Number of protein chains: 2
Amino acid sequence: MKGIRQLAEQLNISIGTVSRALNGKPDVNEETRRRVLAAAEELGYVANQSGRSLRQGETKVIGLMIESSKETVENADNFFLGVTSGLQSVFARHKLDLLMLPCPSDEDPHEYLKRMVARRIVDAMIISDTQRVDRRIDFLSRAKIPFVALGRSLSASNFPWIDLDFEGVADHAVERLITLGHRRIAITAPSSEANLGYLFIDSYRRALERHDIPFDPSLVIRVRSSEQGGYQAAHELLLLEERPTAVILIYELMAIGLYRRLTESGVMPGRDLAVIGFRDAPRARFLQPSLSCFRISLYDLGVALGRMLLATMPAYRDFYPGGERNIIWPLELMPGESDAFRVGVMG
Amino acid sequence: MKGIRQLAEQLNISIGTVSRALNGKPDVNEETRRRVLAAAEELGYVANQSGRSLRQGETKVIGLMIESSKETVENADNFFLGVTSGLQSVFARHKLDLLMLPCPSDEDPHEYLKRMVARRIVDAMIISDTQRVDRRIDFLSRAKIPFVALGRSLSASNFPWIDLDFEGVADHAVERLITLGHRRIAITAPSSEANLGYLFIDSYRRALERHDIPFDPSLVIRVRSSEQGGYQAAHELLLLEERPTAVILIYELMAIGLYRRLTESGVMPGRDLAVIGFRDAPRARFLQPSLSCFRISLYDLGVALGRMLLATMPAYRDFYPGGERNIIWPLELMPGESDAFRVGVMG
DNA sequence: CATACAGTCGTAAACGTTTACGGAGTGCGT
DNA sequence: ACGCACTCCGTAAACGTTTACGACTGTATG
């Protein structure tokens, strides 16, 4: 209970030997090691992390920073937990633990990060919700703290990140809708400074222009990515004088609110308005009509994130050679009923 | 960068004084303190947590253990993040940090907890998803680690917990439905060993019997608490020879799947079948028909949890006197359209 | 003038580990 | 007998803090 010293005393061995035995060092008799391990097991001894960290300058802990902003809380889904499983499956192999660091909503994420890093609670970080310019990235780069970002950013020139393929999704969605005869296609984007919104809209615009459809800013609806935001989005769509025939949602669960608002006005999703969603979720399939949705494999994403992070850490680099430093994570379209109709056949 | 020693050197002061200055100890000249604080700010010095923890035997970190079981991931909503905000608002006052400890799905929660506690990563714990008998509770009690459980348990006799008022909800829901004329009322429960399921069903049964309605086990549907589970639940309901006229859901988002499956068979929720949900979420309001739902104030719940936890910790006890050791957390009914009809008028 | 006391600061020990170093013992070849 | 290599283990320093203790002023008190 009192530490390695007690353990050593009980065994009549020096603490040095006990430590070596527990840590699998070679210069210890196998018989002694057996005894040490047995005693440790019996007494429930586990090394005090503070002492260990202090000595070796590392904590064996990886931090996953998440923001509990209002928006994140509102649209919170299984996203982080899903990614977490994948991450842990990688970290477990190296006896690394994953801790989630929730940044309080009233604290600046950058300050929070600095605090956590300075306190040496973690060896490395995974940050998410990257902003267009994100000081955290500059800070981590300069401080030489290993990290991976979930999301691109304009900050710093060359840092490891994985990002969802927003461009591919917007592109694919637009192409699909145009093929189905749509010409007037709306799209939703977050109202925040999150980088993903910009990428999403840019790609949407390029896809349209490729088909000689002029970009109409009034078709870009900036709302929160939640049920409530979906409701609001539908509301704004209905106010447009020339109503679009399709809408691309940046977050799947917005469909719930969207459906609701549409039905209130007698507009039927999947017949009067095509809807395509985005981000994870077999859950989209349970909507009525079921949502056409681009799906993410969260577990695999977590694995990729974990590997990329370890590849940047000297101690583990050798285990993950030749990995890429940046990945655009592909999404897979799961066709549903929400956009399964053709429009404008009369030309 | 190198620690308190550098800081002291630069200021030509001993490290002891620097430490005292930074920690607000009284026996240091105000002028010196000013200089120290300024230098610390400039150099971005923050005390190394390992050194500090080692010395004082505490980490200033509270752990919130969450399980990333398949079920939790599936029905993950804003629950933990919502609670987190409330917790942090309390902890911030004492300069405590909250870390989330996600137990890997392939590790025994009890072992995981033991590991984390033994490593001294946290000073205190908040555990959730308590099982009917939960070894974690015995362990924490015996090891004298301060903790609060989110959820009752049969383990140990007297430990601090807050639990949602499942009994009140089941009771209230049954009463309401009976008033509306229902006699055949189904209910869903999780298939796991989680304690909440038992409480939920027990209370449901008692409420029924109070009205001389016999308890029919076939009306208890054990499915996962997710959209998919809702779909499955509806499926099973439809298979019953004598179909119930109402159903009580243990988790709100199940309604999505439930609605879906019902509509597939031409049964209209809110007209042919009354539905009442449970747990948080204004989101229930965006369903169609909107879900009658018992709502939780997650933030307030977090605050209560935080206070109860600190009240058990000697260092903070004095700030939170006279608090209760157990709380049954009330829920508020938000009436919707999903059960707004009367049945069996013909008697 | 001796003493007490408050205010300020430096010294050094302690927290629980890990690990470089060296020593004791053994076996083996010369 | 001697040297050498090898195995195993003990010793002690180091990691970065906090804090009990005492030292040193200056001032008030007897």
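Remember, it's a predicted structure, so these values are computed and weren't measured experimentally. Letters A, B, ... mirror the listed sequences (proteins, then strands); counts begin at 1.
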Item checked: Overall bend - the helix from C:dC1-D:dG30 to C:dT30-D:dA1, comparing terminal axes fitted on five pairs, nearest 10 degrees -> 70°

Check: Whole-Å distance between C:dC9 P and B:E30 CD?
Finding: 10 Å

Note to self: Nearest 0.5 Å, please: how far is CD1 in B:I66 from CZ in B:F79?
What the structure shows: 11.5 Å

Next item on the list: Kindly indicate, with the supporting measurements, whether the criterion salt bridge (Lys or Arg N to Asp or Glu O under 4.0 Å) is fulfilled by A:E58 and A:R52.
Entry: CA-CA 8 Å; A:E58 57 176 13; A:R52 173 180 281 172; over 6 Å; no

Margin query: Main chain of B:V61, side chain of B:D97: is a donor-acceptor contact present, judged purely on distance under 3.5 Å?
Written below: no

Notebook entry, point to check: Judged by atom type as modelled, is there a donor-acceptor pair below 3.5 Å linking the side chain of B:R33 to the main-chain atoms of B:A21?
Noted result: yes

Check: Base, sugar-phosphate, or nothing for A:T32, non-hydrogen atoms under 4.0 angstrom?
Finding: sugar-phosphate

Notebook entry, point to check: Looking at residues at least two apart in the chain, or sitting in another chain, which of them share a side chain to side chain donor-acceptor pair (under 3.5 Å) with A:D138?
Noted result: none

Margin query: Checking B:F139 now: which residues fulfil ring-ring contact (aromatic ring centres under 6.0 Å, His included) with it, not counting sequence neighbours?
Written below: B:H110

Margin query: If the condition is ring-ring contact (aromatic ring centres under 6.0 Å, His included), which residues does A:Y320 pass it with, not counting sequence neighbours?
Written below: A:H94

Next item on the list: Not counting sequence neighbours, which residues clear salt bridge (charged side-chain N to carboxylate O under 4.0 Å, His left out) with A:R35? List them please.
Entry: none

Check: Going 5' to 3' along nucleotides 15-28 of chain D, which nucleotides have protein heavy atoms under 4.0 Å from the base (write B), which only from the sugar-phosphate (write S), and which from neither (write -)?
Finding: BBBBBB--------

